[in-house]
Amino acid sequence: MAQQTATVDKLAVAAPKKRKSTQLQSKQARLAWLMLAPSIAVILLVAVYPLGRTFYDSLTDAAFSNPVTHFIGLKNYQILLQDSQFWSAFWETIKFAIITVIFEFVLGMIIALVVNSNFPARGAMRAAMLVPWALITVVNAQMWKLMYNDTYGVFNDILERLGIIKSGIAWTSLPSTSLGAISAIDIWKTTPFVALLLLAGLQLISPDVYEAAQVDGASKWQQFWSITLPLLRPAILVTLIFRSMDALRVFDVFITMFGSRPDTMTLAVYDQENIVSFGNVGYGATISVGIFIILAIVIAIYLSVFRLEKS
Amino acid sequence: MKQFLAPRKSPAARSASFVIVGLVLALGSYAGPRAYASSHAALPSGANPCFHKSANIPIPPPAVPNAKADKRYKGQSIVFYGNSVGAGQVQDSALACQFTRQTGIKVKVVPAPQSTTDRYSAMQRFFVNHSSSIDVTMVDVIYPGAFAPYLVDLKKPLASIAKLDYSTIVKNDTIGGHLVAIPYFADFGMLYYRTDLLHKYGYKNPPTTWTQLTAMAKKIQAGEQKHSKNFHGFVFQGNSYEGLTCDALEWINSYGGGTILSHNGQVTIDNPRATAALKLAQSWVGTIAPRGVTSYEEEDARNAFQSGDAAFMRNWPYAYSLGEAKGSKIAGKFAVAPLPHGPHGKSSAATGGWQLAVNKYSKHVQASIAFTAYMASKPAEIWHAEAASLVPAMPSVGSVPGVKKLEPFLTTVGNHTDHVVRPSAALGTRYNQGSTIFFQGVSRILNGSSVNSVIPGVAQQLKTLAAQAH
């Protein structure tokens, strides 16, 4: 878009007669709009309309059971701010996001650096690394649920054989271990994805830079902090935004593991429960807008932090 | 190599053939029920064209009691939103075929989603749009309250059938004086216990009070855990889901603590008897029940009990035939009894199951009522019990010899316990939300929150909800 305007400007300057140039300019502009029209129409249909509709619904008492829908202003938002279940879900989601993003990022970075170096069977290693990510989340969660089981689960069996614990721990039932247990599933599953994104970034860095650093006598550690990390910044930003968004909207693994257990409910599960199970479309839309605002704030924080670092 | 490749189809051709095969299959299954209705004329007289003996249909479908009168609606065509795909659909079709043969009313059987919530939302869409595409439908026991405005009052036409059904279920299906649905199958909670273990530890009879159960479970567990580390006294459904509403309703009602909300919508949960029941249940978790019981559903409990790892289990009747099946570790070593009760109450069994209802927007209401009357009739109830081991909604069916042999618990347990229904009539369309508030509260309690801190909040939320429900 910017490029197009620039060309149009250049043409305007270069043209000898003003009248002719404005004609050309408007012709070009019309053509530009014509070319853009399909994309704009698609965006309006698939992004702007649903979003606008959600905002509108959040101002109503729409429900499957209500034959007539009333406009109720900001009342839903008032309820939302005082809704203890919403805030409990909010903190649960934030905690989950922080734990998983940190672990996935650190582990993913290590794996990416390893598979970026030269060693035999590197290709096979890269492929094998992606297996957890390729599996279906709901199936994963069921599998882990069996492994966590307090009476016949494999984790308890191993720990008991090693003599670390005396009797089985109900990992997914105890409030103190539930979040850790479910975070482990997400970390196991998504670390390969983070590694893949970072690996793509690493491969863009020219080996010449490292060669020069080596000639200058920089240690591997210095190379990592002064070359790899700064040059990897765009990839890191993309990875962190991707993962944070996914973690803050997490749904599948929680609904499979915990159903509608109140203390382990995430924002997305709470939203789904309100819309699908209760049929409260209006209030559900309010929760959706809440999630939207939270995501927007998180993205804004990431962008401003990375911009600050750059300058 | 080239020769080998030549006969292979291109990807496009292959996907096209998939589509064609899919279409053929879809049309084939679509034509199934209709084929029933039209093909019988060609068959020799005497043979019942609706009966092809198989594992799913071991006995011929019963005759239609009112066939002569129903012939008035001959030629009309109705749609039955019946059981899910599988044996249930085959059985529905056999009954529908028999009905068509005798009355001339055509019935198309459409299988519904298996999950009750999926079915609920599908029906909600039908009704909200005043659709006439379905005439007769199966309705879960918790939904007559929600769908009442869209259903035909069956009080007068089906009075003689309703008289035979469990009165609590009939009351559940009566909304504002109208019988909006007729009981079809029932389901109720039972106590499963290991006869061999009770004998081993010196008990003659199963427990009748919850305190007895707690003491017996404790003793058996202590003894058995010496050689079997995973053994527990009692397993039930403790996960945060609809099943917990059923279990907790049984505890509370059997303590004389009411049914969460009364039939007319008063919130009754915050009372000392209910509190006492929940405190006892809380004390089970991690002692006589495994700590993980707070994530157990029906199958988790059954797996533990059937693999011999539990002395007592609360479950629905479906676990009975599975426990007695060949290869089961506990076959011949267990029995069932009514659930125990507290000091101020009677043994209580939560009611599950299905109803039949007629869509108010149907174009053939009379023919639909005639079909419903056949499906919910006593002969059909007996047939369903004998052919499919379903739990009949009529207490008298349990004493029919053929049924008694297959489902002995109907007379020994079903007729000796209070059948309590969840407060769905009081909450109407808000039932799901109310039940969620309740089972989430109980889940908090089972996971360690104090009963006295949770229950007042639950009661307050339910009051707000009940006010919106009407």
Side-chain angles (χ1 to χ4, degrees), chain A residues 61-69 79 82-85 88-89 145-146 148-153 156-157 160-161 165-178 181-182 254-265 269-270 272-281 283-284, chain B residues 117-118 120-121 124-125 127-128 130 146-147 149 225 228-232 235 238-244 285-286 289-297 300 303-304 307 309-310 428-437 439-444 446-449 454 457 461 464-465 468-469:
Chain A
D61 63 352
F64 286 150
S65 53
N66 274 3
V68 210
T69 302
I79 300 171
Q82 289 162 2
D83 183 348
S84 60
Q85 184 63 59
S88 132
K145 211 174 169 178
L146 289 176
Y148 278 133
N149 190 290
D150 56 335
T151 52
Y152 50 79
N156 283 318
D157 192 53
E160 275 171 50
R161 276 164 202 251
I165 54 170
K166 274 209 178 112
S167 60
I169 296 173
W171 299 100
T172 55
S173 300
L174 290 170
S176 54
T177 54
S178 296
I182 202 161
F254 274 84
I255 198 94
T256 316
M257 287 291 273
F258 300 130
S260 53
R261 205 175 112 189
D263 61 325
T264 52
M265 199 175 271
V269 174
Y270 187 51
Q272 186 264 1
E273 185 182 85
N274 269 280
I275 297 175
V276 181
S277 309
F278 304 165
N280 291 336
V281 178
Y283 191 59
Chain B
T117 32
D118 291 348
Y120 176 72
S121 41
Q124 207 156 33
R125 286 194 297 273
F127 287 136
V128 168
H130 296 191
F147 291 135
Q225 272 192 350
S228 159
K229 204 171 46 63
N230 291 334
F231 188 90
H232 284 95
V235 289
N239 194 21
S240 185
Y241 79 123
E242 186 61 29
L244 182 57
V285 179
R291 180 59 188 83
V293 79
T294 55
S295 54
Y296 276 26
E297 297 190 1
D300 304 288
N303 285 335
S307 53
D309 284 336
T429 51
R430 302 283 177 168
Y431 174 73
N432 276 343
Q433 199 169 350
S435 178
T436 305
I437 292 169
F439 70 63
Q440 287 186 344
V442 178
S443 164
R444 282 203 182 93
L446 294 183
N447 277 314
S449 300
V454 171
Q461 278 179 282
T464 316
L465 195 70
Q468 294 166 2

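In the text below, chain A, chain B and the rest are named by the order of the sequence lines, each starting its count at 1.
The heavy-atom pair separating A/S260 from B/Q440 by the smallest distance is O-NE2, 2.9 Å. Annotation for B/G292 and A/D150: closest pair N-OD2, 2.9 Å, computed over non-hydrogen atoms. Taking all atoms of both residues into account, the shortest heavy-atom contact from B/S295 to A/S173 is OG-OG, 3.2 Å.
Heavy atoms closer than 4.5 Å to chain A are found nowhere in B/R125, neither backbone nor side chain. For chain B, the nearby part of A/F258 is the backbone; its heavy atoms alone come within less than 4.5 Å. For A/M265, the part lying near chain B is the side chain, with the backbone staying farther off; criterion is any non-hydrogen pair under 4.5 Å. Looking at B/F439, only its side chain comes within 4.5 Å of chain A, counting heavy atoms on both sides. Neither the backbone nor the side chain of A/I169 comes within contact range of chain B; no heavy atom of the residue lies under 4.5 Å from a heavy atom of that chain. Heavy-atom distances place no part of B/F147 under 4.5 Å from chain A, backbone and side chain included.
Using a 4.5 Å heavy-atom threshold, the side chains of B/K229 and A/S167 count as separate. Residues A/T151 and B/H232 form a side-chain contact, since some pair of their non-hydrogen atoms from C-beta on lies under 4.5 Å apart.
Taking NZ of A/K145 as the reference point, atom CG of B/D300 lies at 6.5 Å (rounded to 0.5 Å). Atoms CD and OG1, from A/E273 and B/T436 in turn, are 5.0 Å apart once rounded to the nearest 0.5 Å. Between A/D263 atom CG and B/S240 atom OG the span is 8.5 Å, to the nearest 0.5 Å. With rounding to the nearest 0.5 angstrom, the OG atom of A/S277 is 10.0 Å from the OH atom of B/Y120. Rounding to the nearest 0.5 angstrom, the gap separating the OG atom in A/S176 from the CG atom in B/N447 is 10.0 Å.
Of all the listed residues (B/T429, B/N230, B/V128), the one sharing the greatest number of non-hydrogen pairs under 4.5 Å with chain A is B/N230.
With hydrogens and angles left out, the side-chain atoms of A/N280 and B/Q433 include a donor and acceptor closer than 3.5 Å.
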